[in-house]
2 protein chains.
Amino acid sequence: MARPRRPLLSRERIVAAALLLVDAEGLDALSTRRLAGELGVSGPSLYNHLATKEELLDAIVDTVVGEVDISMFATLAAPGGGVGWRAALHAWAHSYRAALAAHPNMVPVLAQGPGHRPNALRLADAVFGGLVDAGWPRGQATRIGALMRYFVTGSALGSFARGFPDDARVYAGRYPHLSEAHLLADHQRAIDDGAFEAGLEALLDGLELRYSRLVGARPPAAAPGSAD
Amino acid sequence: MARPRRPLLSRERIVAAALLLVDAEGLDALSTRRLAGELGVSGPSLYNHLATKEELLDAIVDTVVGEVDISMFATLAAPGGGVGWRAALHAWAHSYRAALAAHPNMVPVLAQGPGHRPNALRLADAVFGGLVDAGWPRGQATRIGALMRYFVTGSALGSFARGFPDDARVYAGRYPHLSEAHLLADHQRAIDDGAFEAGLEALLDGLELRYSRLVGARPPAAAPGSAD
DNA sequence: GTCTATAATTGGATAGAC
DNA sequence: GTCTATCCAATTATAGAC
(Lines give C-alpha, C1' and ligand atoms only; values in the text may rest on other atoms or scores of the structure.)
Protein backbone atom coordinates (compact mmCIF):
# COMPACT_ATOMS: atom_id res chain seq x y z
CA MET A 1 0.00 0.00 0.00
CA ALA A 2 1.29 3.42 -0.91
CA ARG A 3 0.27 6.73 0.61
CA PRO A 4 -3.49 6.61 1.22
CA ARG A 5 -5.73 9.52 0.18
CA ARG A 6 -6.63 10.11 3.79
CA PRO A 7 -4.38 9.19 6.71
CA LEU A 8 -5.33 5.92 8.30
CA LEU A 9 -3.88 6.93 11.63
CA SER A 10 -3.90 9.88 13.94
CA ARG A 11 -2.38 10.54 17.32
CA GLU A 12 -5.81 10.30 18.89
CA ARG A 13 -6.68 6.98 17.26
CA ILE A 14 -3.33 5.55 18.29
CA VAL A 15 -3.62 6.69 21.89
CA ALA A 16 -7.18 5.39 22.19
CA ALA A 17 -6.24 2.00 20.81
CA ALA A 18 -3.17 1.82 23.04
CA LEU A 19 -5.28 2.51 26.11
CA LEU A 20 -7.74 -0.21 25.13
CA LEU A 21 -4.87 -2.62 24.67
CA VAL A 22 -3.23 -1.82 28.00
CA ASP A 23 -6.57 -2.10 29.77
CA ALA A 24 -7.28 -5.47 28.23
CA GLU A 25 -3.87 -7.12 28.41
CA GLY A 26 -1.54 -5.06 30.54
CA LEU A 27 1.38 -2.76 29.95
CA ASP A 28 3.62 -5.53 28.63
CA ALA A 29 1.20 -6.21 25.80
CA LEU A 30 1.72 -2.71 24.48
CA SER A 31 4.20 -3.21 21.66
CA THR A 32 4.37 -1.23 18.48
CA ARG A 33 3.65 -4.29 16.36
CA ARG A 34 0.74 -5.37 18.43
CA LEU A 35 -0.75 -1.91 18.58
CA ALA A 36 -0.36 -1.48 14.85
CA GLY A 37 -2.12 -4.78 14.39
CA GLU A 38 -5.10 -3.57 16.38
CA LEU A 39 -5.22 -0.47 14.22
CA GLY A 40 -5.03 -2.45 10.97
CA VAL A 41 -1.68 -1.04 9.90
CA SER A 42 1.83 -2.38 10.05
CA GLY A 43 4.29 -1.62 12.82
CA PRO A 44 6.52 1.14 11.51
CA SER A 45 3.57 3.28 10.45
CA LEU A 46 3.16 4.47 14.02
CA TYR A 47 6.46 6.29 13.82
CA ASN A 48 4.94 8.81 11.49
CA HIS A 49 2.85 10.06 14.39
CA LEU A 50 4.96 9.44 17.47
CA ALA A 51 8.70 9.67 17.88
CA THR A 52 9.17 6.96 20.50
CA LYS A 53 7.22 4.51 22.55
CA GLU A 54 7.82 6.64 25.62
CA GLU A 55 6.02 9.53 24.00
CA LEU A 56 3.10 7.20 23.40
CA LEU A 57 3.07 6.11 27.03
CA ASP A 58 3.12 9.70 28.21
CA ALA A 59 0.17 10.49 25.98
CA ILE A 60 -1.84 7.56 27.33
CA VAL A 61 -1.14 8.47 30.93
CA ASP A 62 -2.13 12.07 30.49
CA THR A 63 -5.33 11.02 28.75
CA VAL A 64 -6.31 9.05 31.85
CA VAL A 65 -5.43 11.94 34.17
CA GLY A 66 -7.45 14.24 31.94
CA GLU A 67 -10.58 12.28 32.82
CA VAL A 68 -10.38 13.41 36.45
CA ASP A 69 -12.81 16.18 37.40
CA ILE A 70 -11.05 19.07 39.16
CA SER A 71 -13.70 21.73 38.70
CA MET A 72 -14.71 21.59 42.39
CA PHE A 73 -11.51 23.34 43.44
CA ALA A 74 -12.23 26.49 41.48
CA THR A 75 -14.73 28.01 43.90
CA LEU A 76 -13.13 27.42 47.28
CA ALA A 77 -11.87 30.97 47.62
CA ALA A 78 -15.38 32.43 47.75
CA PRO A 79 -16.47 33.80 51.18
CA GLY A 80 -18.30 31.12 53.08
CA GLY A 81 -16.63 28.50 50.94
CA GLY A 82 -14.39 27.76 53.91
CA VAL A 83 -16.10 24.47 54.60
CA GLY A 84 -16.20 23.52 50.97
CA TRP A 85 -12.79 21.90 50.94
CA ARG A 86 -14.10 18.73 52.49
CA ALA A 87 -16.84 18.27 49.93
CA ALA A 88 -14.41 19.16 47.17
CA LEU A 89 -11.85 16.57 48.30
CA HIS A 90 -14.61 13.98 48.59
CA ALA A 91 -15.95 14.55 45.11
CA TRP A 92 -12.47 14.81 43.63
CA ALA A 93 -11.34 11.58 45.28
CA HIS A 94 -14.28 9.73 43.80
CA SER A 95 -13.68 11.10 40.32
CA TYR A 96 -9.93 10.45 40.64
CA ARG A 97 -10.48 6.88 41.71
CA ALA A 98 -13.04 6.23 39.00
CA ALA A 99 -10.65 7.43 36.31
CA LEU A 100 -7.78 5.33 37.64
CA ALA A 101 -9.80 2.22 38.41
CA ALA A 102 -10.99 2.19 34.80
CA HIS A 103 -7.33 1.75 33.79
CA PRO A 104 -5.64 -0.07 36.68
CA ASN A 105 -2.68 -1.15 34.58
CA MET A 106 -1.74 2.47 34.10
CA VAL A 107 -1.67 3.28 37.81
CA PRO A 108 1.96 2.33 38.48
CA VAL A 109 3.07 4.69 35.71
CA LEU A 110 0.73 7.48 36.70
CA ALA A 111 1.72 7.22 40.36
CA GLN A 112 5.26 8.32 39.53
CA GLY A 113 3.98 11.88 39.56
CA PRO A 114 3.00 14.53 37.02
CA GLY A 115 6.37 14.87 35.30
CA HIS A 116 5.87 17.26 32.41
CA ARG A 117 2.37 16.08 31.52
CA PRO A 118 -0.07 18.99 31.19
CA ASN A 119 -3.20 17.35 32.60
CA ALA A 120 -1.31 16.05 35.61
CA LEU A 121 0.23 19.43 36.32
CA ARG A 122 -3.16 21.12 35.93
CA LEU A 123 -4.57 18.67 38.44
CA ALA A 124 -1.84 19.32 40.98
CA ASP A 125 -2.21 23.05 40.48
CA ALA A 126 -5.97 22.93 41.03
CA VAL A 127 -5.83 20.78 44.16
CA PHE A 128 -3.07 22.75 45.83
CA GLY A 129 -4.60 26.08 44.87
CA GLY A 130 -8.01 25.03 46.11
CA LEU A 131 -6.73 23.92 49.50
CA VAL A 132 -4.74 27.11 49.97
CA ASP A 133 -7.78 29.16 48.96
CA ALA A 134 -9.77 27.26 51.58
CA GLY A 135 -7.40 28.35 54.30
CA TRP A 136 -4.93 25.48 54.59
CA PRO A 137 -1.32 26.52 55.12
CA ARG A 138 0.82 25.72 52.11
CA GLY A 139 2.82 23.02 53.87
CA GLN A 140 -0.32 21.20 54.94
CA ALA A 141 -1.90 21.63 51.52
CA THR A 142 1.10 19.87 50.00
CA ARG A 143 0.76 17.02 52.46
CA ILE A 144 -2.94 16.66 51.80
CA GLY A 145 -2.31 16.49 48.08
CA ALA A 146 0.25 13.77 48.69
CA LEU A 147 -1.75 11.70 51.12
CA MET A 148 -4.82 11.83 48.94
CA ARG A 149 -2.76 10.58 46.02
CA TYR A 150 -1.41 7.79 48.17
CA PHE A 151 -4.87 6.63 49.11
CA VAL A 152 -6.47 6.93 45.70
CA THR A 153 -3.64 5.34 43.72
CA GLY A 154 -3.41 2.55 46.26
CA SER A 155 -7.12 1.87 45.99
CA ALA A 156 -6.96 1.77 42.20
CA LEU A 157 -3.82 -0.35 41.97
CA GLY A 158 -5.55 -3.60 42.66
CA SER A 159 -8.72 -4.97 44.15
CA PHE A 160 -8.41 -6.01 47.77
CA ALA A 161 -11.18 -8.58 47.52
CA ARG A 162 -9.94 -10.18 44.31
CA GLY A 163 -6.52 -10.72 45.79
CA PHE A 164 -7.71 -13.63 47.91
CA PRO A 165 -8.03 -17.10 46.37
CA ASP A 166 -11.63 -18.28 46.21
CA ASP A 167 -10.66 -21.83 47.14
CA ALA A 168 -11.50 -22.40 50.81
CA ARG A 169 -8.84 -25.12 51.09
CA VAL A 170 -6.11 -22.51 50.82
CA TYR A 171 -7.01 -21.20 54.27
CA ALA A 172 -8.13 -24.34 56.07
CA GLY A 173 -6.03 -25.02 59.15
CA ARG A 174 -3.22 -22.64 58.32
CA TYR A 175 -4.95 -19.26 58.51
CA PRO A 176 -7.69 -19.54 61.13
CA HIS A 177 -9.05 -16.01 60.83
CA LEU A 178 -9.37 -16.21 57.06
CA SER A 179 -11.86 -19.06 57.09
CA GLU A 180 -14.28 -17.00 55.04
CA ALA A 181 -11.77 -15.22 52.86
CA HIS A 182 -12.70 -17.43 49.91
CA LEU A 183 -16.00 -15.53 49.77
CA LEU A 184 -14.37 -12.13 49.32
CA ALA A 185 -14.05 -12.44 45.57
CA ASP A 186 -17.81 -12.85 45.24
CA HIS A 187 -18.38 -9.38 46.64
CA GLN A 188 -15.46 -7.60 45.07
CA ARG A 189 -17.22 -4.42 44.08
CA ALA A 190 -19.03 -3.96 47.40
CA ILE A 191 -15.94 -4.61 49.49
CA ASP A 192 -13.57 -2.43 47.49
CA ASP A 193 -16.08 0.40 47.18
CA GLY A 194 -16.95 0.12 50.86
CA ALA A 195 -13.34 0.16 51.95
CA PHE A 196 -12.60 3.15 49.77
CA GLU A 197 -15.54 5.14 51.06
CA ALA A 198 -14.85 4.17 54.68
CA GLY A 199 -11.20 5.14 54.36
CA LEU A 200 -12.03 8.38 52.60
CA GLU A 201 -14.55 9.40 55.27
CA ALA A 202 -12.14 8.52 58.06
CA LEU A 203 -9.40 10.47 56.36
CA LEU A 204 -11.61 13.51 55.86
CA ASP A 205 -12.87 13.32 59.45
CA GLY A 206 -9.27 13.34 60.60
CA LEU A 207 -8.45 16.30 58.38
CA GLU A 208 -11.50 18.20 59.55
CA LEU A 209 -10.36 17.73 63.13
CA ARG A 210 -7.06 19.35 62.21
CA TYR A 211 -8.76 22.11 60.30
CA SER A 212 -11.00 22.99 63.23
CA ARG A 213 -7.94 23.25 65.48
CA LEU A 214 -6.28 25.36 62.85
CA VAL A 215 -9.03 27.96 62.73
CA GLY A 216 -9.68 27.73 66.47
CA ALA A 217 -13.20 26.38 66.14
CA ARG A 218 -14.92 23.61 68.05
CA PRO A 219 -14.33 20.20 66.54
CA PRO A 220 -17.21 19.25 64.26
CA ALA A 221 -19.89 16.94 65.57
CA ALA A 222 -19.26 13.89 63.45
CA ALA A 223 -22.25 12.66 61.52
CA PRO A 224 -23.64 9.42 62.85
CA GLY A 225 -22.52 6.51 60.74
CA SER A 226 -24.00 3.09 60.26
CA ALA A 227 -22.47 0.28 62.22
CA ASP A 228 -21.73 -2.96 60.44
CA MET B 1 32.14 -26.60 33.71
CA ALA B 2 30.71 -29.88 34.92
CA ARG B 3 28.91 -30.51 38.19
CA PRO B 4 30.68 -28.49 40.89
CA ARG B 5 31.59 -30.12 44.21
CA ARG B 6 29.32 -27.72 46.01
CA PRO B 7 26.29 -26.11 44.41
CA LEU B 8 26.98 -22.59 43.19
CA LEU B 9 23.38 -21.58 43.49
CA SER B 10 20.55 -21.89 45.94
CA ARG B 11 17.00 -20.66 45.97
CA GLU B 12 17.93 -18.10 48.58
CA ARG B 13 20.91 -16.74 46.68
CA ILE B 14 18.84 -16.48 43.52
CA VAL B 15 15.98 -14.68 45.23
CA ALA B 16 18.32 -12.26 46.99
CA ALA B 17 20.11 -11.41 43.76
CA ALA B 18 16.83 -11.02 41.91
CA LEU B 19 15.54 -8.59 44.51
CA LEU B 20 18.73 -6.54 44.27
CA LEU B 21 18.37 -6.45 40.51
CA VAL B 22 14.73 -5.39 40.59
CA ASP B 23 15.47 -2.71 43.17
CA ALA B 24 18.33 -1.34 41.13
CA GLU B 25 16.90 -1.50 37.62
CA GLY B 26 13.22 -2.31 37.76
CA LEU B 27 11.06 -5.30 37.05
CA ASP B 28 11.81 -5.29 33.33
CA ALA B 29 15.49 -5.81 34.03
CA LEU B 30 14.75 -9.13 35.69
CA SER B 31 15.51 -11.67 32.98
CA THR B 32 16.88 -15.13 33.53
CA ARG B 33 20.00 -14.33 31.53
CA ARG B 34 20.67 -11.09 33.32
CA LEU B 35 20.06 -12.60 36.74
CA ALA B 36 22.34 -15.52 35.96
CA GLY B 37 25.02 -13.06 34.93
CA GLU B 38 24.81 -11.30 38.28
CA LEU B 39 25.21 -14.68 39.97
CA GLY B 40 28.19 -15.65 37.86
CA VAL B 41 26.50 -18.60 36.22
CA SER B 42 24.88 -19.11 32.86
CA GLY B 43 21.21 -18.71 32.13
CA PRO B 44 19.76 -22.21 32.18
CA SER B 45 21.39 -23.04 35.52
CA LEU B 46 18.59 -21.23 37.30
CA TYR B 47 16.12 -23.84 36.13
CA ASN B 48 17.67 -26.38 38.45
CA HIS B 49 16.28 -24.37 41.35
CA LEU B 50 13.15 -22.77 40.01
CA ALA B 51 10.61 -24.16 37.56
CA THR B 52 9.53 -20.90 35.98
CA LYS B 53 10.13 -17.21 36.13
CA GLU B 54 6.75 -16.74 37.75
CA GLU B 55 7.81 -18.93 40.63
CA LEU B 56 10.83 -16.67 41.05
CA LEU B 57 8.69 -13.56 41.09
CA ASP B 58 6.38 -15.07 43.68
CA ALA B 59 9.36 -15.87 45.87
CA ILE B 60 10.69 -12.32 45.65
CA VAL B 61 7.34 -10.79 46.50
CA ASP B 62 6.82 -12.99 49.51
CA THR B 63 10.31 -12.20 50.75
CA VAL B 64 9.41 -8.52 50.80
CA VAL B 65 6.12 -9.16 52.56
CA GLY B 66 7.96 -11.32 55.07
CA GLU B 67 9.89 -8.26 56.22
CA VAL B 68 6.71 -6.67 57.58
CA ASP B 69 6.32 -6.86 61.35
CA ILE B 70 2.92 -8.23 62.35
CA SER B 71 3.71 -9.19 65.94
CA MET B 72 1.68 -6.29 67.36
CA PHE B 73 -1.59 -7.97 66.43
CA ALA B 74 -1.01 -11.00 68.62
CA THR B 75 -1.93 -9.38 71.93
CA LEU B 76 -5.05 -7.41 71.08
CA ALA B 77 -7.42 -9.94 72.60
CA ALA B 78 -6.08 -9.37 76.12
CA PRO B 79 -8.47 -7.56 78.50
CA GLY B 80 -7.76 -3.86 78.44
CA GLY B 81 -6.16 -4.29 75.04
CA GLY B 82 -9.28 -2.71 73.59
CA VAL B 83 -7.51 0.51 72.79
CA GLY B 84 -4.45 -1.25 71.50
CA TRP B 85 -5.70 -1.59 67.96
CA ARG B 86 -4.81 1.99 67.14
CA ALA B 87 -1.23 1.67 68.29
CA ALA B 88 -0.98 -1.68 66.53
CA LEU B 89 -2.23 -0.28 63.24
CA HIS B 90 0.14 2.65 63.56
CA ALA B 91 3.20 0.51 64.18
CA TRP B 92 2.18 -2.00 61.53
CA ALA B 93 1.61 0.71 58.92
CA HIS B 94 5.09 2.08 59.50
CA SER B 95 6.71 -1.34 59.25
CA TYR B 96 4.61 -2.18 56.19
CA ARG B 97 5.55 1.03 54.44
CA ALA B 98 9.23 0.65 55.31
CA ALA B 99 9.33 -2.84 53.79
CA LEU B 100 7.56 -1.74 50.62
CA ALA B 101 9.38 1.54 50.19
CA ALA B 102 12.67 -0.37 50.27
CA HIS B 103 11.48 -2.18 47.13
CA PRO B 104 9.17 0.21 45.30
CA ASN B 105 9.41 -1.65 42.01
CA MET B 106 7.77 -4.65 43.64
CA VAL B 107 4.75 -2.71 44.90
CA PRO B 108 2.57 -3.09 41.79
CA VAL B 109 3.00 -6.86 41.97
CA LEU B 110 2.52 -7.07 45.70
CA ALA B 111 -0.58 -4.88 45.58
CA GLN B 112 -2.43 -7.51 43.60
CA GLY B 113 -3.12 -9.30 46.88
CA PRO B 114 -1.76 -12.28 48.77
CA GLY B 115 -2.58 -14.95 46.23
CA HIS B 116 -1.16 -18.19 47.55
CA ARG B 117 1.94 -16.65 49.12
CA PRO B 118 2.42 -17.78 52.73
CA ASN B 119 3.83 -14.58 54.20
CA ALA B 120 1.12 -12.49 52.60
CA LEU B 121 -1.62 -14.78 53.89
CA ARG B 122 -0.07 -14.78 57.35
CA LEU B 123 -0.09 -11.01 57.28
CA ALA B 124 -3.76 -10.82 56.27
CA ASP B 125 -4.65 -13.39 58.92
CA ALA B 126 -2.85 -11.47 61.65
CA VAL B 127 -4.34 -8.09 60.79
CA PHE B 128 -7.89 -9.33 60.44
CA GLY B 129 -7.63 -11.50 63.54
CA GLY B 130 -6.17 -8.67 65.58
CA LEU B 131 -8.89 -6.23 64.63
CA VAL B 132 -11.64 -8.72 65.40
CA ASP B 133 -9.98 -9.51 68.73
CA ALA B 134 -9.98 -5.79 69.47
CA GLY B 135 -13.72 -5.63 69.04
CA TRP B 136 -14.21 -4.57 65.44
CA PRO B 137 -17.06 -6.30 63.62
CA ARG B 138 -15.81 -8.62 60.91
CA GLY B 139 -17.14 -6.51 58.06
CA GLN B 140 -15.42 -3.41 59.35
CA ALA B 141 -12.22 -5.32 60.07
CA THR B 142 -12.15 -6.37 56.41
CA ARG B 143 -12.62 -2.79 55.30
CA ILE B 144 -9.88 -1.55 57.60
CA GLY B 145 -7.46 -4.13 56.24
CA ALA B 146 -8.32 -3.01 52.73
CA LEU B 147 -8.10 0.72 53.33
CA MET B 148 -4.83 0.41 55.17
CA ARG B 149 -3.41 -1.53 52.25
CA TYR B 150 -4.63 1.14 49.88
CA PHE B 151 -2.90 3.86 51.81
CA VAL B 152 0.37 2.05 52.43
CA THR B 153 0.81 0.66 48.93
CA GLY B 154 -0.06 4.02 47.46
CA SER B 155 2.52 5.74 49.62
CA ALA B 156 5.22 3.23 48.65
CA LEU B 157 4.42 3.21 44.94
CA GLY B 158 6.18 6.44 44.18
CA SER B 159 7.45 9.54 45.88
CA PHE B 160 5.07 12.48 45.74
CA ALA B 161 7.84 15.03 45.99
CA ARG B 162 10.07 13.46 43.36
CA GLY B 163 7.24 13.44 40.85
CA PHE B 164 7.55 17.15 40.23
CA PRO B 165 10.21 18.47 37.83
CA ASP B 166 12.84 20.56 39.60
CA ASP B 167 13.01 23.05 36.77
CA ALA B 168 11.07 26.17 37.77
CA ARG B 169 10.42 27.07 34.11
CA VAL B 170 8.02 24.13 33.82
CA TYR B 171 5.53 25.91 36.04
CA ALA B 172 6.11 29.57 35.17
CA GLY B 173 2.97 31.20 33.86
CA ARG B 174 1.02 28.03 33.22
CA TYR B 175 0.55 26.67 36.75
CA PRO B 176 0.32 29.65 39.10
CA HIS B 177 -0.08 27.72 42.35
CA LEU B 178 2.91 25.50 41.65
CA SER B 179 5.42 28.33 41.56
CA GLU B 180 7.48 26.62 44.23
CA ALA B 181 6.93 23.04 43.14
CA HIS B 182 10.46 22.89 41.73
CA LEU B 183 11.70 22.87 45.34
CA LEU B 184 9.74 19.75 46.31
CA ALA B 185 12.40 17.34 45.10
CA ASP B 186 14.94 18.86 47.47
CA HIS B 187 12.88 17.81 50.46
CA GLN B 188 11.66 14.48 49.20
CA ARG B 189 12.12 12.49 52.36
CA ALA B 190 10.59 15.09 54.68
CA ILE B 191 7.58 15.67 52.45
CA ASP B 192 6.81 12.03 51.77
CA ASP B 193 7.34 10.99 55.37
CA GLY B 194 5.31 13.94 56.60
CA ALA B 195 2.43 13.21 54.25
CA PHE B 196 2.40 9.56 55.22
CA GLU B 197 2.37 10.31 58.92
CA ALA B 198 -0.26 13.03 58.55
CA GLY B 199 -2.47 10.77 56.49
CA LEU B 200 -2.02 7.87 58.85
CA GLU B 201 -2.90 9.96 61.89
CA ALA B 202 -5.94 11.42 60.18
CA LEU B 203 -7.05 7.96 59.13
CA LEU B 204 -6.62 6.56 62.63
CA ASP B 205 -8.43 9.55 64.16
CA GLY B 206 -11.31 8.88 61.83
CA LEU B 207 -11.35 5.20 62.71
CA GLU B 208 -11.19 5.95 66.43
CA LEU B 209 -14.24 8.17 66.02
CA ARG B 210 -16.08 5.23 64.51
CA TYR B 211 -14.82 2.86 67.17
CA SER B 212 -16.03 5.12 69.95
CA ARG B 213 -19.49 5.22 68.39
CA LEU B 214 -19.37 1.47 68.05
CA VAL B 215 -18.73 0.82 71.73
CA GLY B 216 -20.98 3.70 72.82
CA ALA B 217 -18.22 5.75 74.37
CA ARG B 218 -17.52 9.46 74.17
CA PRO B 219 -15.38 10.39 71.18
CA PRO B 220 -11.74 10.66 72.19
CA ALA B 221 -10.27 14.07 72.86
CA ALA B 222 -7.89 14.37 69.97
CA ALA B 223 -4.32 15.10 70.91
CA PRO B 224 -3.22 18.61 70.01
CA GLY B 225 -1.17 18.62 66.86
CA SER B 226 1.38 21.08 65.58
CA ALA B 227 0.16 23.55 63.02
CA ASP B 228 2.33 24.17 60.01
C1' DG C 1 1.94 8.37 5.23
C1' DT C 2 1.95 3.63 4.61
C1' DC C 3 4.42 -0.28 3.03
C1' DT C 4 8.21 -4.29 2.97
C1' DA C 5 12.45 -5.73 4.54
C1' DT C 6 15.59 -5.96 7.90
C1' DA C 7 18.92 -4.80 11.62
C1' DA C 8 20.32 -5.83 16.14
C1' DT C 9 18.78 -7.41 20.63
C1' DT C 10 16.52 -9.87 23.86
C1' DG C 11 13.19 -12.89 25.86
C1' DG C 12 11.88 -17.88 28.36
C1' DA C 13 12.83 -22.39 28.11
C1' DT C 14 14.76 -27.22 26.60
C1' DA C 15 18.31 -31.06 25.26
C1' DG C 16 21.96 -33.39 26.33
C1' DA C 17 27.09 -33.53 27.57
C1' DC C 18 29.83 -34.00 31.72
C1' DG D 1 23.97 -29.10 39.16
C1' DT D 2 26.23 -26.48 35.77
C1' DC D 3 27.56 -26.17 31.12
C1' DT D 4 27.06 -25.24 25.74
C1' DA D 5 24.14 -25.07 22.03
C1' DT D 6 19.93 -24.16 20.32
C1' DC D 7 14.85 -23.08 19.49
C1' DC D 8 11.48 -19.95 18.57
C1' DA D 9 9.20 -15.80 19.32
C1' DA D 10 9.30 -11.20 20.41
C1' DT D 11 11.08 -6.46 20.81
C1' DT D 12 12.23 -1.10 19.12
C1' DA D 13 13.54 1.14 15.40
C1' DT D 14 15.50 2.39 10.61
C1' DA D 15 15.93 2.46 5.30
C1' DG D 16 13.99 3.12 1.33
C1' DA D 17 10.19 1.94 -2.18
C1' DC D 18 5.81 3.86 -3.67
Side-chain angles (χ1 to χ4, degrees), chain A residues 1-63 105-106 108-109 112 115, chain B residues 1-63 105-106 108-109 112 115-117:
Chain A
M1 189 195 304
R3 175 193 287 252
R5 289 167 171 272
R6 281 200 42 196
L8 300 177
L9 298 176
S10 70
R11 218 184 132 93
E12 290 69 34
R13 266 201 78 207
I14 294 173
V15 169
L19 193 49
L20 274 175
L21 182 55
V22 171
D23 289 343
E25 306 190 29
L27 259 182
D28 290 343
L30 182 67
S31 71
T32 54
R33 289 160 138 81
R34 179 70 201 280
L35 176 57
E38 300 287 333
L39 286 160
V41 302
S42 75
S45 297
L46 302 178
Y47 288 93
N48 290 306
H49 302 266
L50 300 155
T52 65
K53 191 183 173 180
E54 194 183 320
E55 186 181 317
L56 171 62
L57 204 63
D58 248 32
I60 306 171
V61 175
D62 217 33
T63 297
N105 296 328
M106 298 300 308
V109 186
Q112 298 311 306
Chain B
M1 189 193 304
R3 176 192 288 251
R5 290 166 171 271
R6 283 200 39 196
L8 301 177
L9 298 176
S10 70
R11 218 184 132 92
E12 291 69 34
R13 267 201 78 207
I14 294 173
V15 169
L19 193 49
L20 274 175
L21 183 54
V22 171
D23 288 343
E25 307 190 28
L27 261 183
D28 290 343
L30 181 67
S31 70
T32 54
R33 290 162 139 83
R34 177 70 199 280
L35 176 57
E38 299 286 335
L39 286 160
V41 302
S42 76
S45 298
L46 302 178
Y47 288 93
N48 290 306
H49 303 266
L50 299 155
T52 65
K53 190 186 174 178
E54 193 182 322
E55 188 182 314
L56 171 62
L57 203 62
D58 248 31
I60 307 171
V61 175
D62 218 32
T63 297
N105 296 328
M106 298 299 308
V109 186
Q112 299 310 307
H116 290 79
R117 290 176 279 102

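To find a chain, count down the sequence lines: A is the first, B the second, and so on, and within it residues start at 1. These numbers come from the heavy atoms of this one structure, side chains and all, not from hydrogens, waters or symmetry mates.
- Each of C:dG1, C:dC3, D:dT2 was ranked by its minimum atom distance to the side chain of A:Val41; first place goes to C:dC3.
- Remark: B:Asp62 engages B:Val65, B:Arg117, B:Pro118, B:Asn119, B:Ala120 in a side-chain contact (heavy atoms from CB on, under 4.5 Å) (not counting sequence neighbours).
- Within the nucleic acid shown, B:Arg34 has no heavy atom closer than 4.0 Å to any nucleic acid atom.
- At a non-hydrogen distance threshold of 4.0 Å, B:Pro44, B:Ser45, B:Asn48, B:His49 from residues 43-52 of chain B come into contact with DNA chain D.
- Among residues at least two apart or in separate chains, salt bridge (charged side-chain N to carboxylate O under 4.0 Å, His left out) pairs with a member in residues 21-34 of chain A are A:Glu25-A:Arg34, A:Arg34-A:Glu38.
- Atom P of nucleotide D:dA13 and atom CG of A:Leu35 are separated by 13 Å, given to the nearest angstrom.
- Atom NZ of B:Lys53 is separated from atom C1' of C:dA13 by 12 Å (rounded to the nearest Å).
- Near DNA chain C, meaning a heavy atom under 4.0 Å from it, residues 10-32 of chain B has B:Leu30, B:Ser31, B:Thr32 in order of number.
- Picking from D:dT12, D:dT2, C:dT2 the nucleotide with the shortest atom distance to the side chain of A:Arg33 gives D:dT12.
- In plain terms, the two heavy atoms of B:Leu46 and B:Thr32 that are nearest each other are CD1-O, 3.4 Å.
- Remark: B:Asn48 engages no residue in a side-chain hydrogen bond (donor to acceptor under 3.5 Å, both in side chains) (not counting sequence neighbours).
- To the nearest 0.5 Å, atoms CG (A:Leu35) and OG (A:Ser45) are separated by 11.0 Å.
- The line from CG of A:Leu27 to CD1 of A:Ile60 is 7.5 Å long, rounded to the nearest 0.5 Å.
- With rounding to whole Å, B:Leu9 atom CG is found 12 Å from D:dC3 atom C1'.
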Please report, to 0.1 Å, the donor-acceptor pairs under 3.5 Å made by any side chain of residues 11-18 of chain A, with sequence neighbours excluded.
{"unit_1": "A:Arg11", "atom_1": "NH1", "unit_2": "A:Glu55", "atom_2": "OE2", "d": "3.0"}
{"unit_1": "A:Arg13", "atom_1": "NH1", "unit_2": "A:Leu8", "atom_2": "O", "d": "2.6"}

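- Going from atom CG of B:Leu21 over to atom CG of B:Asn105 covers 10.0 Å, rounded to the nearest 0.5 Å.
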